[in-house]
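One structure is given here, and the rest of the page talks about it.
Remember, it's a predicted structure, so these values are computed and weren't measured experimentally. Side-chain atoms are counted along with the backbone in the values below, which use heavy atoms only and exclude waters and symmetry mates. In listed order, ligands and their atoms are each counted from 1.
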Amino acid sequence: MIIVLKSDLEMPGDAIQAVEAMAGRYEGVATRPYSYSGRRHTVTEVHLVGPTRSIPTEPFEGLPGVLRVVRVSARYRLIGRHDSEAESLGFDYNGVSFGEGELNLFAGLCAVDTREHVDQMMGTLAEHGITTTRMGAYKPRTSPYDFQGLGAECLPYVFELAGRHGIRVIAMEVTHARHIAEVVDALEEAGNPTGVMLQVGTRNAQNFELLKAIGQQKRFPVLAKRGLGITLEESLNACEYVARDGNPNIVFCLRGVQSHLGEPHRNLVDFGLVPVVRRQTRLPVCIDPSHSVGRPDRAPDGLPDIFHVTGQGLIAGASMVLVDFHPRPEVALCDAHQALTLDQLPRLVRYAGTVCEAYRSVVADVHAS
Ligand code: PEP
Ligand code: MN
């Protein structure tokens, strides 16, 4: 059972104490307060854990400062949208807002290879006023003989160039807890010129110790990708792990599911699940058209399939796009065949903006009628 307090209470401590005192009347029931700082409000909840099934809601509903009482199943206790009234809080990080109504385009290198390519990529983003990017330093590869990423070695110039080009947030996958410390050290050393969003790759969606380590730090927000060959519920539980350990600033990313039924695309595109994730959870939803489609082919209308599926995700309410670019895909060391070229960036920016506008107008229309 979750006791949701009124947002922005002046003395939430008093309301929490009142809830705790009331809960104390019921044997075996423990309380856990949680506070979420969203973009507009701070929301405080007191979670009652234990044999809550037979506890009536009315005594809690009558307490001062209580907004409402929600009964929940154990599933997605923290990330879940337990009733349709629950706000999607979103969050701000390093000057960038994430959540409903935003469009965050994380275009960048799947794998950092040279300083020059990072410079060209970020320079092009800056030309188009984009302050977010993706840069892979630690690459989980299927074959041990494939390029494994430059790791900590490239972080100094990636962060320095980010600062120079006004990049505020870099999505970067970490595959081991020690990579978090390496990122922290490199950022400090560079004078914190940028921010990092820690990416949990599809292969690590059930690496529970990594999820706990990422949850235990609050400095960096998290981009959690749907797991490889596991159900949506199993993947969302990865986010619950992160939140359970203390970090609520999570974006969930759909990236296609492994199945030959998606052929000729690399994965079966699963962006039809955007509304499902938004209904079941309060997390902002990202889509990764690059790893879903995995190829540069174009439809007869001239648009690459990667554009088309981007549109499909955005028209369904996704608020973030993670997409691979490379100044010279022919020399890229990882996922070369799915990288868009820099001259395609302005078109993607316009296309994504147009689709988002269409989505907003459709939603406004629904609310107006
Ligand atoms: C990536 O984004 O670079 C990546 C490896 O993606 P995924 O974990 O979805 O395969
Ligand atoms: Mn990749």
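Between Y241 and F208, the distance separating the two ring centers is shorter than 6.0 angstrom.
Y26 places a side-chain heavy atom less than 4.5 Å from the side chain of P59. Side-chain atoms of F220 and N247, non-hydrogen and from C-beta on, never get closer than 4.5 Å to each other.
Nearest to atom 8 (O) of ligand 1 among the protein's heavy atoms is T202 N, 2.8 Å. If you check which protein heavy atom lies closest to atom 5 (C) of ligand 1, you get E173 OE1, 3.6 Å. Ranking protein heavy atoms by distance to atom 6 (O) of ligand 1, first place goes to K225 NZ, 2.9 Å. From the protein, the heavy atom lying nearest to atom 4 (C) of ligand 1 is H291 NE2, 3.4 Å. Of the protein's heavy atoms, R255 NE, 2.6 Å lies nearest to atom 9 (O) of ligand 1.
At a threshold of 4.0 Å, the pair R134-E173 does not count as salt-bridged, since none of the basic side-chain nitrogens sits closer than that to a carboxylate oxygen.
Here is the list of ligand 1 atoms found below 4.0 Å of a heavy atom in C110: 3 (O). Taking a cut-off of under 4.0 Å to the non-hydrogen atoms of G201, the atoms of ligand 1 that pass are 8 (O). Below 4.0 Å from some heavy atom of Q199 lie the following atoms of ligand 1, by number and element: 1 (C), 2 (O). Near K139, with a cut-off below 4.0 Å to any heavy atom, the atoms of ligand 1 are 1 (C), 3 (O).
None of the N, O or S atoms belonging to C334 lies under 2.8 Å away from the Mn ion (ligand 2). Under 2.8 Å from the Mn ion (ligand 2) lies an N/O/S atom of D335, whether from backbone or side chain.
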Would you please test Q338 and R295 for side-chain hydrogen bond (donor to acceptor under 3.5 Å, both in side chains) and show each step? CA-CA 5 Å; Q338 69 195 29; R295 36 197 303 143; over 6 Å; no
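For C110 atom SG and H291 atom NE2, the angle they make at the Mn ion (ligand 2) is roughly 130°, to 10 degrees.
Side chains of E263 and H265: no donor on one and acceptor on the other come within 3.5 Å. Remark: the H291 side chain and the N267 side chain contain no N/O donor-acceptor pair separated by less than 3.5 Å. A side-chain donor-acceptor contact under 3.5 Å links T341 and Q344.
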